[in-house]
**Student:** 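If you scroll down you'll find the structure; I have some questions about it.
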Amino acid sequence: MEYFNKIQCYRPSIGIVDAPVSIDEIALLQDSVDKNMLGRIKFINYSKGTIVAIFVRLRAANIAGEAVTLEKERFIYQDMKISSGELYGNRIPISLPADARYFSAQLEKVVFDDGEVWDALNKSTCKLLQKEIKVPEDIREKIRRELEIHVSDLEYVHYFYEESEGFWECTCGKANSNVNRTCTFCGNSRSSQRQCLTEAKISELVAEKNKEIEEEKRKKILVEAERKRQKENEKRKQEEEWEKHQQEIREQEIILEEKRKKKNKKLLIGSVGIILCAILCCICALRYTKEKKYQQGIQLEVEGEYAQAEQIFLSIKSYKDSTERLSELYEKQEETWKKQIVEDKERLKERFSHYDEYWSDAAIETFTEVLSYMGKSLQFIQTNSNFELVKPEDAKDSEEHGYEFGEYVVEFDYEIFGSYFDSAELHFDENNILCGVRFYGWDEFFYEGDVSKLLDQEIDKEDDGVYSWNIKDESLFSEVTFSWWINMYYEVTFQL
């Protein structure tokens, strides 16, 4: 919450030439709690000395512009020390009448710590024309370096240089009389400011630097394009060298075979030929193992074997553009998985279609969706699935089920799935691929008759009263395990 509401806030348009102090801001504020009206004046010390008191003449008016009576029409800031260049007055409010809606102030006197008193009486006033200099961030440093050549001190350069009859406005904000060749505050010369710091000059300089920036960007684009072209040429050259080398190997093998046939001692020559070929293969293998793997990875990628290609490029990650190819493989793998999920969900719905009369559409949809993500990565599931993964220890049924099978748990809405199943546990292999799903349910999870139909086999009860068996469904899973206690189904586990 803001403590004050700004009713009026402005920088005075009238100043005093060569004044040691400038009024930087006048504000009319309203206390947001008790609604009191307050005035605030900010000063900047544009002298070289230390100021200990400032006298100002105040005026306030109501909403109609009629003057209102002030408790003090002359206000004195005193018992302070304002150093050269310091902004003062931000925290010193002036109490005003409740109906005040316009507030103004006029500088009268300034007292310095050495006893000198400056009086505004009979001093020349001037209309302040300056606007603040605003330069885009990306060319600010270029502008600074350009101006440093011509301007001695850039620390106080805040406004455009302006001049009028009898005075000129320094870029630091001080109004100087025409007799001053340099600013009496910041020391920058009038001539250098007129030459470089007018609005027209700065606009011209900004346009020039913007043009330089655009030219630099254009050159960078050209350099990057040339770099990519050279990279493509290098890649093509390497492939051509590899093919040439393979051709040389094939020619060498033909020559060795011809020499072997010319010799009479076939066994000895054959042995020598085998040894020579073995040595040659070892040398080639040691020298071109990475290149062969690289070519193998490219071939597997072309054939759509993204998982195998990924493992190969991971083993030679620092070779050529294997890292870039890995990124492309991830994208292709994701697209392939998305298509597979749609196909697998349809097959799963058909496989478990005999549960339609027991399960709701939402239950079958979720059951088949979870299973359709088998063989997919953890990152892919977290990004694309409609269910939320939680750690086993954070699941609400953690104590009841134990959850020792997998690394994550999916919890189902009881209002949708009823007593069919309440959760599923997901198991990932060392490569973070989903390789097993175990569902937990009660009562109507599966019915014995339906399970028999699913298995196409009779079910035998084990000695300890727990029913369990394995089936193999090569079209979907390598193994499915059912376990329950007495007549209440409890766990169903699917594994790749």
Side-chain angles (χ1 to χ4, degrees), residues 8-27 40-51 54-57 77 82-90 103-110 112 118-136 140 143-144 146-207 209:
Q8 184 187 28
C9 185
Y10 64 96
R11 185 171 183 244
S13 60
I14 301 297
I16 301 175
V17 178
D18 285 336
V21 168
S22 174
I23 297 178
D24 185 65
E25 179 185 279
I26 296 177
R40 185 185 67 193
I41 306 173
K42 294 182 182 179
F43 304 92
I44 296 181
N45 182 356
Y46 277 126
S47 72
K48 296 297 184 180
T50 299
I51 296 173
I54 300 175
F55 293 67
V56 291
R57 180 69 60 179
Y77 294 86
I82 310 176
S83 302
S84 178
E86 182 181 349
L87 180 68
Y88 178 79
N90 188 40
F103 176 56
S104 63
Q106 184 178 351
L107 190 63
E108 285 193 344
K109 291 184 179 182
V110 176
F112 293 90
W118 176 88
D119 196 327
L121 186 64
N122 299 324
K123 295 294 190 295
S124 299
T125 59
C126 58
K127 186 175 182 180
L128 303 177
L129 306 172
Q130 285 183 310
K131 291 188 290 186
E132 186 177 357
I133 297 176
K134 294 182 180 179
V135 176
R140 193 167 295 169
I143 296 292
R144 173 176 286 275
E146 183 74 22
L147 293 177
E148 282 177 345
I149 301 173
H150 307 285
V151 181
S152 59
D153 189 352
L154 293 177
E155 180 182 359
Y156 294 106
V157 174
H158 304 298
Y159 305 95
F160 292 115
Y161 170 83
E162 296 287 352
E163 62 181 28
S164 187
E165 184 177 354
F167 76 99
W168 56 279
E169 293 180 78
C170 179
T171 55
C172 69
K174 181 170 183 177
N176 289 269
S177 63
N178 282 339
V179 298
N180 297 334
R181 292 187 177 182
T182 61
C183 177
T184 57
F185 172 65
C186 68
N188 284 327
S189 70
R190 180 184 183 183
S191 59
S192 64
Q193 296 185 56
R194 178 188 291 161
Q195 178 185 355
C196 305
L197 297 175
T198 62
E199 185 172 4
K201 292 292 185 180
I202 293 296
S203 298
E204 182 181 336
L205 187 57
V206 168
K209 297 308 174 184

**Student:** Answer yes or no: is there a side-chain heavy-atom contact under 4.5 Å between E132 and F160?
**Tutor:** no
**Student:** Which heavy atom of V206 sits nearest to which heavy atom of P136, and what is that distance?
**Tutor:** CG1-CD, 4.3 Å
**Student:** Rounded to the nearest 0.5 Å, what separation is found between the OG atom of S152 and the CG atom of N188?
**Tutor:** 4.0 Å
**Student:** For the CD1 atom of I41 and the CD atom of Q106, what is their distance to the nearest 0.5 Å?
**Tutor:** 11.5 Å
**Student:** Taking C170's backbone N and O only, do any of them form a donor-acceptor pair with Q130's side chain (distance below 3.5 Å, no angle check)?
**Tutor:** yes
**Student:** What residues form a ring-ring contact (aromatic ring centres under 6.0 Å, His included) with F112, not counting sequence neighbours?
**Tutor:** none
**Student:** Go through the structure and list residues passing salt bridge (charged side-chain N to carboxylate O under 4.0 Å, His left out) with E163, not counting sequence neighbours.
**Tutor:** R190, R194
**Student:** Report the distance from atom OG of S203 to atom CD1 of I133, rounding to the nearest 0.5 Å.
**Tutor:** 9.5 Å
**Student:** Please examine the side chains of I14 and L128, heavy atoms only from C-beta on, and report whether any two atoms are closer than 4.5 Å.
**Tutor:** no
**Student:** Would W168 and C183 count as a side-chain contact (heavy atoms from CB on, under 4.5 Å) if you check the C-alpha gap in whole Å, the side-chain angles of each, and the deciding distance to 0.1 Å?
**Tutor:** CA-CA 9 Å; W168 56 279; C183 177; 4.1 Å; yes
**Student:** Tell me, please, which residues at least two apart from T198 pass side chain to side chain contact (heavy atoms under 4.5 Å, CB included).
**Tutor:** Y161, A200, K201
**Student:** So does R11 pair up with E25, basic N to acidic O under 4.0 Å?
**Tutor:** no
**Student:** For K134, what residues pass the side-chain hydrogen bond (donor to acceptor under 3.5 Å, both in side chains) criterion, not counting sequence neighbours?
**Tutor:** none
**Student:** For the CZ atom of R57 and the NZ atom of K109, what is their distance to the nearest 0.5 Å?
**Tutor:** 10.0 Å
**Student:** Report yes or no: is the cationic atom of K131 (NZ for Lys, CZ for Arg) under 6.0 Å from the centre of the six-membered ring of Y159, at an angle within 45° of the ring normal?
**Tutor:** no
**Student:** Quick one: list whatever passes salt bridge (charged side-chain N to carboxylate O under 4.0 Å, His left out) with R144, sequence neighbours left out.
**Tutor:** none
**Student:** Side chains of L154 and E148, heavy atoms from C-beta outward: is any pair under 4.5 Å?
**Tutor:** yes
**Student:** How long is the straight-line distance from CG of L129 back to OG of S13, given to the nearest 0.5 Å?
**Tutor:** 9.5 Å
**Student:** Tell me if a side-chain donor or acceptor on S83 pairs with a main-chain N or O of E86 at a distance below 3.5 Å.
**Tutor:** no
**Student:** Once rounded to the nearest 0.5 Å, what's the spacing between atom CG of L197 and atom OG of S192?
**Tutor:** 6.5 Å
**Student:** Taking side chain to side chain contact (heavy atoms under 4.5 Å, CB included) as the definition, give me every residue that meets it alongside N45, ordered by chain and number, with sequence neighbours left out.
**Tutor:** S47, I51, I82
**Student:** Return each pair, listed once, that meets salt bridge (Lys or Arg N to Asp or Glu O under 4.0 Å) where at least one residue sits in residues 169-181; pairs must be two or more places apart or across chains.
**Tutor:** none
**Student:** What are the two closest non-hydrogen atoms of I202 and C196, and how far apart are they?
**Tutor:** CD1-O, 3.5 Å
**Student:** Restricting to ring-ring contact (aromatic ring centres under 6.0 Å, His included), what partner residues turn up for Y77, sequence neighbours left out?
**Tutor:** F43, F75
**Student:** Could you check if a side-chain atom of V110 sits within less than 4.5 angstrom of a side-chain atom of D119, using non-hydrogen atoms only?
**Tutor:** no
**Student:** Kindly give the heavy-atom pair with the smallest separation between P12 and I26, and that separation in Å.
**Tutor:** CG-CD1, 3.8 Å
**Student:** Report the residues that fulfil salt bridge (charged side-chain N to carboxylate O under 4.0 Å, His left out) with E146, sequence neighbours left out, ordered by chain and then residue number.
**Tutor:** K209
**Student:** By salt bridge (charged side-chain N to carboxylate O under 4.0 Å, His left out), which residues pair with K123, not counting sequence neighbours?
**Tutor:** none
**Student:** Can you list the steps and then say if V179 with F167 is a side-chain contact (heavy atoms from CB on, under 4.5 Å)?
**Tutor:** CA-CA 8 Å; V179 298; F167 76 99; over 6 Å; no
**Student:** List the residues meeting side chain to side chain contact (heavy atoms under 4.5 Å, CB included) with Q8, not counting sequence neighbours, and say none if there are none.
**Tutor:** Y10, L28, Y102, F103
**Student:** Tell me which donor-acceptor pairs under 3.5 Å the side chains of residues 16-24 have, and how far apart each pair is, sequence neighbours excluded?
**Tutor:**
{"residue": "D18", "atom": "OD1", "partner": "S177", "partner atom": "N", "Å": "3.2"}
{"residue": "D18", "atom": "OD1", "partner": "N180", "partner atom": "ND2", "Å": "2.9"}
{"residue": "D18", "atom": "OD2", "partner": "S177", "partner atom": "OG", "Å": "2.8"}

